[in-house]
Amino acid sequence: MDFISLPKIELHAHLSGSISRQTLHEIWSQKPSSSSSSLPDPLVEMPPGKHDYDLQTFFPLFTSYIYTLISDLPSLRHSTLSVLRDFQSDGVVYLELRTTPRAIPSANITKHLYVQTILGCIAEFEAGEGCTLRTKLILSVDRRNTLAQAEEVLELCRQFKGRGVVGIDLCGDPAVVDNLRSFTPVFRQARKEGLKVTLHFAEAEVSGTEEELDLLLGWGPERLGHVIHLGEGVKQKVRERRGVGLELCLSCNVHAGMVRGGFEGHHFGEWWKVEEVVVVLSTDDVGVFGSPLSNEYALVAKHFGLGRREICNLARKGIDVIFGGEEEKERLRKIMWTK
Ligand SMILES: CNc1ncnc2c1ncn2[C@@H]1O[C@H](COP(=O)(O)O)[C@@H](O)[C@H]1O
């Protein structure tokens with residue numbers, strides 16, 4: 001089966017983690033030598049073929065490297081446009097990209113301008129000839145954020161709702177728990193205002209306690225990301241949220257050592273036939289883990305024995321849990337393969 005031609009939906013992709021190493025390298029090469037000289041070449045910092053970043057080495061990649069490189073409007077535009085191009089070339093027809101609003105004071109970039117610039121790139125890309133990809137944006141609250149910063153994310157969602165932002169996410173290092181409970185009013189308010197909610201859920205053992213997961217389920221999320229360390233009680237509660245979307249990221253989880261037993265041991269095997277939930281294959285950070293969405297489909301075909309019809313059904317089922325509205329769902333129903 002041609003997994004690239006298969007029209008696909010990508011619902012869990014972090015913008016900064018989706019930038020290819022080649023693009024990072026191009027951006028690095030184009031910087032004036034005075035500013036790039038302090039940073040090593042991305043192809044040295046993140047050698048091609050290296051995908052075994054674990055949760056300890058993964059998060060610092062952004063704070064100590066990628067954010068230092070993507071530090072002005074030209075690099076933000078260059079990286080965003082190339083991420084969109086890469087998803088389209090891989091046969092993705094609908095993308096929900098997520099990003100943590102980031103102010104870059106050295107370049108006079110506010111969080112508002114950061115979001116506006118990304119939405120501008122999406123509009124520009126979609127206006128291009130032969131564009132087959134439609135993209136919406138989700139804004140992320142990082143677990144390291146303060147309540148005030150989380151409220152700022154909600155305010156940005158409000159300002160850009162109807163202009164491309166469709167939802168709010170909770171992401172970041174799962175080992176950080178300090179402010180989680182204080183975010184409750186932010187996520188509840190987001191839902192009240194018609195924003196959709198997706199949450200990184202039970203990504204690591206530390207973030208898989210029943211206490212944390214009950215708290216997160218209490219925010220009423222429409223979708224959950226990763227869904228790894230769940231006790232039987234929480235699994236039952238997830239099933240009871242009928243129709244909840246599960247964004248499963250096989251390569252990320254396997255390469256980062258977040259699951260045991262390799263691809264065969266991935267919990268995709270446990271969830272994909274469960275009727276009450278909608279499993280959506282996703283890449284998480286294709287720039288880091290190196291597996292485009294087409295390859296994620298190839299992996300489940302290989303390791304879990306899905307045939308052509310099952311692959312098409314799996315890809316189509318994702319339509320039900322997109323945040324992009326009824327009109328977009330209709331478009332997808334027309335173009336996604338049934339067999
Ligand atoms: C293992 N999977 C993951 N789990 C949790 N958070 C993740 C993540 N992958 C990425 N991020 C979050 O996304 C940010 C980078 O993209 P943006 O700058 O927002 O576009 C990272 O700093 C991290 O907070």
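Remember, it's 1-based here, ligands and their atoms both numbered in the order they're listed. We use all heavy atoms of the structure for the numbers below, so side chains are in, but hydrogens, waters and symmetry mates are not.
- Between Ser140 and ligand 1, not a single N/O pair is under 3.5 Å apart.
- Interface of Asp284 with ligand 1, defined as ligand atoms under 4.0 Å from a residue heavy atom, comprises 1 (C), 2 (N), 3 (C), 9 (N).
- For ligand 1, the atoms sitting less than 4.0 Å from at least one non-hydrogen atom of Asp142 are 24 (O), numbered in the order shown with element in parentheses.
- At a heavy-atom distance under 4.0 Å, atoms from both the backbone and the side chain of Thr99 approach ligand 1.
- The distance criterion of under 3.5 Å between nitrogen or oxygen atoms is met by Gly172 with respect to ligand 1.
- The shortest contact between atom 3 (C) of ligand 1 and any protein heavy atom is with Glu203 OE2, 3.3 Å.
- In this structure, the protein non-hydrogen atom closest to atom 16 (O) of ligand 1 is Ser16 CB, 3.5 Å.
- Scanning the protein for heavy atoms near atom 19 (O) of ligand 1, the closest one is Thr100 OG1, 2.5 Å.
- At under 3.5 Å, a nitrogen or oxygen of Asp285, whether backbone or side chain, sits near a nitrogen or oxygen of ligand 1.
- Among protein heavy atoms, the minimum distance from atom 18 (O) of ligand 1 is reached at Tyr67 OH, 2.5 Å.
- Taking every heavy atom of Leu15 and a limit of under 4.0 angstrom, the matching atoms of ligand 1 come to 20 (O).
- Here the shortest heavy-atom distance to atom 11 (N) of ligand 1, taken over Arg144, Arg102, His200, His14, belongs to His14.
- Geometrically, ligand 1 and Asp173 share no nitrogen or oxygen pair separated by less than 3.5 Å.
- Residue-ligand proximity, His226 to ligand 1, at heavy-atom distances under 4.0 Å covers atoms 2 (N).
- In this view, Glu211 and Arg181 satisfy the salt bridge (Lys or Arg N to Asp or Glu O under 4.0 Å) rule, not counting sequence neighbours.
- Between the side chains of Asp169 and Thr198, no donor-acceptor pair is found at a separation under 3.5 Å.
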